[in-house]
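For reference, the structure discussed in these notes is given below.
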Amino acid sequence: MKFVDEFRDADFGRTLAAEILATVGPGHHYKLMEVCGGHTHSIYKYGIDDLLPENVELVHGPGCPVCVIPMGRVDDAIAVAHEPGVIFTCFGDMMRVPGSNGTLLEAKARGADVRMVYSPLDALRIAKQHPDREVVFFAIGFETTAPSTALTLRRARAEGVGNFSCFCNHVTIVPPLRALLDSPDLRLDGFIGPGHVSTVVGARPLEFIPADYGKPVVVSGFEPVDILQSVLMLLRQLADGRCEVENQYRRVVPYEGNLKALEVMAEVFELRPHFEWRGLGFISQSGLKLSEAYAELDAELRFAVPGVRVADPKACQCGEVLKGVIKPWECKVFGTACTPERPIGTCMVSSEGACAAYYNYGRFARERELV
Amino acid sequence: MTCDEHHCITCGDDGVPMRVLRVDAGRALALCEDEAGAHSSVEIALVDPVAVGDTLLVHAGTALTRLEGAAA
């Protein structure tokens with residue numbers, strides 16, 4: 001397919017890998033963080049880390065929307081799903097995220113009407129098909145999915161669909177990046193910037209990274225050639241002593257973002273004073289809730305939501321994985337007690353989670369290396 | 001949505017290139033087809049105007065941008 005095949009070209013990939021090798025300085029260890037879970041998935045799927053020199057290390061960031069949801073919010077979701085007459089809709093991955101008392105999938109087995117959807121629009125369609133039921137959409141994600149939720153809520157209001165509401169868990173990318181950069185236990189040389197988030201918000205919001213923290217950023221696409229080229233662009237910035245936001249993903253990302261998307265988000269959402277992130281704790285102004293104009297569609301106001309904070313399981317080190325402090329396989333329960341079939345932590349659930357990506361694509365390679 | 005080996009149950013936060021088959025401009029919806037041939041309704045309010053044959057980048061059922069040109 002056009003826009004896909006040319007960015008998976010193996011020969012071009014090898015040429016880029018050779019240029020990367022020629023660009024790295026000896027005696028320096030480069031730590032580059034890919035912010036987005038989509039990048040993590042591609043890196044493991046295509047074995048991109050195997051093409052890089054040993055002194056270029058990719059560190060996985062907090063940009064998987066499923067992985068950052070704390071257990072307390074899953075418990076809240078399950079409580080709403082058990083309300084009489086509710087059809088609870090969510091993306092597939094979210095159904096398998098464990099709360100303190102099981103997953104949404106297990107709630108479904110116990111009789112709650114939980115349904116998987118691919119988009120909020122699907123959830124709205126279910127609401128129109130079942131006017132006698134309350135349909136709740138479990139909204140998660142960064143600025144990539146937030147416009148979709150916002151448009152659906154605007155549509156629900158315009159069409160007068162009164163039995164539809166949204167349990168909003170949308171988050172924004174800049175506050176956790178700032179929290180990571182302020183964290184003392186992490187030394188990074190540069191960032192592979194989030195491609196699709198930047199499609200919405202533009203590359204400008206990332207300018208604080210070079211300006212305030214002196215680290216280069218390259219906004220990157222998700223195909224293997226995109227990621228290799230972005231690594232090369234970062235290494236060239238470091239070699240030249242430059243420090244700026246570059247856009248490798250120009251075919252998709254306009255520097256200013258999508259103004260219509262920002263407009264509908266500003267209409268439908270407002271910032272929460274603070275929001276809890278799994279492993280990262282509370283981060284101020286990092287989460288979105290429905291604005292006053294859309295309060296009637298807010299599931300948190302329509303239903304009793306327990307809102308109890310739950311500590312992460314002790315054995316699980318998702319927090320350290322999300323901060324890039326440890327690699328997935330360094331977690332004590334990785335691949336033993338915690339697997340994609342029976343995950344303990346969120347990073348093992350989503351296909352964009354670092355642990356699941358490594359388990360699916362790289363586990364056996366790691367075992368060979370250890371022998 | 002694309003269903004590859006490990007990506008069938010998606011969190012929805014997956015950018016999928018889709019081709020426009022039919023446009024309902026009045027409702028800001030388009031019928032689109034993905035690489036694997038699966039059809040779905042897509043919100044096009046953020047990328048208006050859209051023509052049949054355009055390729056859109058779709059996230060959670062909403063087109064975020066139109067893919068143009070092929071240069072990396």
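Here is the naming used below: chain letters follow the sequence lines, and residue numbers restart at 1 for every chain.
- The shortest distance between side-chain heavy atoms of Thr62(B) and Ser119(A) does not fall below 4.5 Å.
- Val252(A) touches chain B through backbone and side chain together, each having a heavy atom under 4.5 Å away.
- Thr152(A) touches chain B through backbone and side chain together, each having a heavy atom under 4.5 Å away.
- Contacts of Arg155(A) classified as salt bridge (Lys or Arg N to Asp or Glu O under 4.0 Å), with partners at least two apart in sequence or in another chain: Glu159(A), Glu43(B).
- No part of Ala63(B) comes within reach of chain A, as not one of its non-hydrogen atoms sits under 4.5 angstrom from that chain.
- Under the ring pair (Phe, Tyr, Trp, His ring centres under 6.0 Å) criterion, Tyr44(A) pairs with His60(A), Tyr358(A), sequence neighbours left out.
- Considering every non-hydrogen atom in both Leu46(B) and Val264(A), the closest pair reads CD2-CG1, 4.2 Å.
- Between Asn258(A) and Thr65(B) the shortest side-chain heavy-atom distance does not fall below 4.5 Å.
- Only the side chain of Leu57(B) comes within less than 4.5 Å of a heavy atom in chain A; its backbone stays farther off.
- Residue-environment remark: CZ (Arg27(B)) stays at or below the threshold of 12 foreign heavy atoms within 6.0 Å.
- We find the CG-OG distance between Asp122(A) and Ser40(B) to be 8.0 Å, quoted to the nearest 0.5 Å.
- Among the candidates Gly221(A), Gly195(A), Ala158(A), Ala261(A), the residue making the largest number of heavy-atom pairs closer than 4.5 Å to chain B is Ala261(A).
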Report task. Could you go through the side-chain contact (heavy atoms from CB on, under 4.5 Å) check for Val47(B) and Lys260(A) one step at a time? Result -> CA-CA 8 Å; Val47(B) 291; Lys260(A) 284 181 185 165; over 6 Å; no
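- The shortest non-hydrogen separation linking Thr144(A) to His59(B) is CB-ND1, 3.6 Å.
- Within the 4.5 angstrom heavy-atom criterion, atoms from both the backbone and the side chain of Leu151(A) approach chain B.
- A donor-acceptor pair under 3.5 Å links the side-chain atoms of Ser148(A) to the main chain of Ala60(B), judged by distance alone.
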